[in-house]
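Quick note on labels: first sequence line is chain A, next is B, and so on, each numbered from 1.
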Amino acid sequence: MIQEYNPQKIEPKWQKFWEENGFYKAEDFSKKPKKYILIEFPYPSGEGLHVGHARSYSALDAVSRKKRMEGFNVLFPIGWDAFGLPTENYAIKTGIHPRIATEKNVANYKRQLKSLGLSFDWSREINTTDPGYYKWTQWIFLKLFEKGLAYQAEIPINFCPACKIGLANEEVVGGKCERCGTEVVKKTLKQWMIKITKYADRLIDDLKEVDYPERVKAQQINWIGKSYGTEIDFELENAEERIKVFTTRTDTLFGVTAVVLAPEHPLVQKLITKENEEKIKEYIESAKKKSDFEREKLEKEKTGVFTGSYCVNPGNSEKVPIWVGDYVVATYGGGAVMMVPAHDYRDFDFAKKYGLKIKEVVSGGAISKEAFVDYGILINSGEFDGLKSEEAIEKITKFLEKKGLGRKTIQYKLRDWIFSRQHYWGEPIPIIHCEKCGAVPVPEKDLPVELPYVEKYQPTGTGESPLFAISEWVNTKCPKCQGSAKRETDTMPNWAGSNWYYLRYLDPVNDKTLADAKKMKYWMPIDWYNGGMEHTTLHLLYSRFIYKFLFDIGVVPQKEPYQKRTCHGIILAADGRKMSKSFGNVINPDEIVQKYGADTLRLYEMFLGPFDQAIAWNEDGVKGVYRFLEKVWNLVSECSKNKESNQKISSAINKLNKKIDEDLEAIKFNTIISSFMEFVNLSQDNKKEVGRETIEKFLILLSPFAPHIAEELWSQLGHKKSIFFGKWPKPDSKLIKEKTITLIIQINGKVRDKIEVAADISEDEAQRLTISRENVKKWTQGKEIKKIIFVPNKLINIVVNS
RNA sequence: GCGGGCAUGGCGGAAUGGCAGACGCACUAGGUUCAGGACCUAGUGAGAGCAAUCUCGUGGAGGUUCAACUCCUCCUGCCCGCACCA
């Protein structure tokens, strides 16, 4: 059997063998306990698989393989999130139809994934662009519509002038389009919106029930941005309407010296007085032209204009001027704030700039210099003087409630989800617009509304979807009145398909329902979901919301889809930058597989460093792992004829066994790989003492991580059945215990000596041995021994006077 | 500003409060080789010493403890997310 380790030869052989024998098929309703292990399905881009994909897939593949060997019925599926902009942009550039491009890219990804020996259940492969799939994406939309959670609104949206598309807030990064980097502008369009805000509280509260990393929970909570406060009504001097402001600092009500409205506030037009009219209209126009990003850039330079009108402070009935300022966010808290310059930094700046009054109402600061924003004792606040801020908030709110001019309320930063995209390559929104009946849902029996296959999928440039130009598709009949009507031409964002894809894996070809209820009951929830940190406030939040909605309408069995979430760190190029074509620093996994083999790539990616940490690629490190596999190969050939292991080796293999069990649950793949290396190093130094049984156990332990070499050596050892039919061993704690240990001797906590002693040495015996040592005497001579601390199996510490 | 996290050799990193630097890379010396590479052996935190051994050492300053990379307080620097959110 001695031949050289040649991964190129053995890997394709076993990949074929595993696939042909259906090793990875998950069995519905199996009596074995189930494990649903999920990776975020990839977007099949033209660039091909990234080594970052390989990192998380290899790790979760190891988890899946190990769980199977432990007797679980494992579902580890794969599919394609294929709708969306990158493919459409690629198609526009190259003239290749997005459908063709997708097919090509999927085929390439598939080849690459298979070359890594990942144990996906390919029989459940899904693709979000299949009509049979997006039928159910559309069905979910109809349900949202039916329950009043999908609605249309004429709103100013973020618009990318390059992609010619509306963007959700989440897709705007630093004022720029997430995809192409162009500066985003405002444009008012009629958009489909989804009421995710209705689920804000539950999205926060139910985080208690799931096992997510702390930072993921914190980020979601922060994103939803729940804050408790008071809504206060400021009555107008000359009109019926009231200006409603939101504040968390109700205690500062008596310090209000102006009310500031966002330029978009609906009352602005009404409040403009004749003498100020021109100035204000000009100001509002210029504010509207500015993008959000520009507004943010000018953060320090606050601008505004006085409307000429006044309102009344409900606390002290003072007359308060009304201003317009673009630092007030239109979409939060009603787009109006009460300005308290003495106790808010922003208001302080604004008041200084325009010479507004600064009135101190909370003592403790030096308001002539800067705003005092901490809590304190109230002053200049009439009957509330002397109260602490906390009490004052309560009492002033009650006071306002009595007068009908204020109430406790809660505000969220989270906004409703803009669900329309003016693009071709997405799921058509299943709505028909009828002049008589309005927006009419496409009847369920007519789903899917198929995306027409056309030659012209370029953006129209007017902000309309390319579908708008396809008249034979657009013109249809109203399902209600049979009159002529037009189809909705916007498509869904690509989050739509990924909202629920994990359910489709359970029942990928069902055309009666999105997935059979019994199957969902068997498989859900997902036991372990790994993905990128960048999806925390996007896909992860959206899909939790959709799952909750599906739960509410009785489709899915629980409130939360993902029991445990982990996040992988991204892989950077060797130069520490992001891997990017433009930097020319991209590592293609194909090259590594060709040069070193899939097992090397898999182990290296796990060995790199902590799984959740961003880390730079290092080709020299790859070589180190390859050397390790060569050592494994040689070790197995050399030790296969040995009979039994000595005590040291059998202790080591059991320790390794235990270490893998523990570290896998703790997501510490890097230390698992180093433990394998340690064991091999030890075995190399004790070749004659490594018995056949130990070698076989070692191969079983290695098999989830480096499946090809393990399977090959297993078969070379004469086994007829695959190593993956082998049972995962349990560490034997009796064997782990060594007969002798190295007892550390400390004097005053410093290591001064070591002795080999029996592992079960008694405290008295250890003391006796220790005290008689020359090295110890040297340190204790002439000193009083105050205390001796004995830690069994570890150390003895002698405390002396210093 | 708010939230989350991190700081350990030349590098990536390891250490249930109990031998700091496992494992890998790089490097040095020797062996092997026609050569390059690969491989084998030994060494590799800093300083002192022929050596045994000793001193210092986990961003900084304190504290708790017989014992601190680990726990607590403060500070500094860096990374990630959010951000004129009232």
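- Atom-to-atom, CD1 of A:I747 to P of B:G18 comes out at 20 Å; the value is rounded to the nearest Å.
- To the nearest whole angstrom, the two P atoms, one in B:U8 and one in B:C71, are 16 Å apart.
- In the interface, the side chain of A:N797 is paired with the base of B:C66 through a donor and an acceptor atom under 3.5 Å apart.
- Separating the CH2 atom of A:W617 from the P atom of B:G24 is a distance of 18 Å, rounded to the nearest angstrom.
- Going from atom OH of A:Y5 over to atom P of B:A38 covers 18 Å, rounded to whole Å.
- Annotation: B:G17 and B:U65 have their C1' atoms spaced 9 Å apart (nearest Å).
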Run the numbers on A:F698 and A:F676 for ring-ring contact (aromatic ring centres under 6.0 Å, His included), then give the verdict.
CA-CA 9 Å; A:F698 175 81; A:F676 278 123; 5.7 Å; yes
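- A gap of 27 Å separates the C1' atoms of B:U55 and B:C11, to the nearest Å.
- With both ends at atom C1', the span from B:G57 to B:G47 equals 11 Å, rounded to whole Å.
- When rounded to the nearest whole Å, the span between CG of A:N634 and P of B:C40 equals 9 Å.
- Separating the P atom of B:A26 from that of B:A20 is a span of 28 Å, rounded to the nearest Å.
- Taking 3.5 Å as the limit, the base of B:C66 and the side chain of A:K787 contain no donor-acceptor pair of atoms between them.
- In this structure, A:K226 fails the cation-pi test against A:Y412, since its NZ or CZ atom is not both closer than 6.0 Å to the six-membered ring centre and inside 45 degrees of the ring normal.
- Of the P atoms belonging to B:G24 and B:C39, the separation is 13 Å, rounded to the nearest Å.
- To the nearest angstrom, P of B:U53 lies 11 Å from CZ of A:R773.
- If you measure from atom CD of A:Q613 to atom P of B:U8, you get 11 Å, rounded to the nearest angstrom.
- Among the nucleotides B:C84, B:G18, B:C2, the one closest to the side chain of A:Y327 is B:C84.
- Nucleotide B:G13 holds its P atom 11 Å from the CG atom of A:L572, rounded to whole Å.
- Rounded to whole Å, the distance from CG on A:N775 to C1' on B:U53 is 9 Å.
- The phosphate of B:U55 (OP1 or OP2) has a side-chain N or O of A:R752 nearer than 4.0 angstrom.
- Backbone-only contact: A:I615 has heavy atoms under 4.0 Å from sugar-phosphate atoms and none from a base.
- Here A:R627 reaches the OP1 or OP2 of B:C25: one of its side-chain N or O atoms lies under 4.0 Å away.
- At a cut-off of 3.5 angstrom, the base of B:G18 holds at least one donor-acceptor pair with the side chain of A:Q746.
- Spacing between B:G36 and B:G30 at atom P, rounded to whole Å, works out to 14 Å.
- A:K750 contributes no side-chain N or O that forms a donor-acceptor pair with the base of B:U55 under 3.5 Å.
- Between B:C69 and B:U58, the distance separating the two P atoms is 7 Å to the nearest Å.
- Side chain of A:R544 to backbone of A:L203: a donor-acceptor contact under 3.5 angstrom is found.
- In this entry the base of B:G81 is anti relative to its sugar, with a glycosidic angle more than 90° from 0.
- Comparing A:E214 and A:Q411 along RNA chain B, the residue whose closest nucleotide (by nearest heavy atom) sits nearer the 5' end is A:E214.
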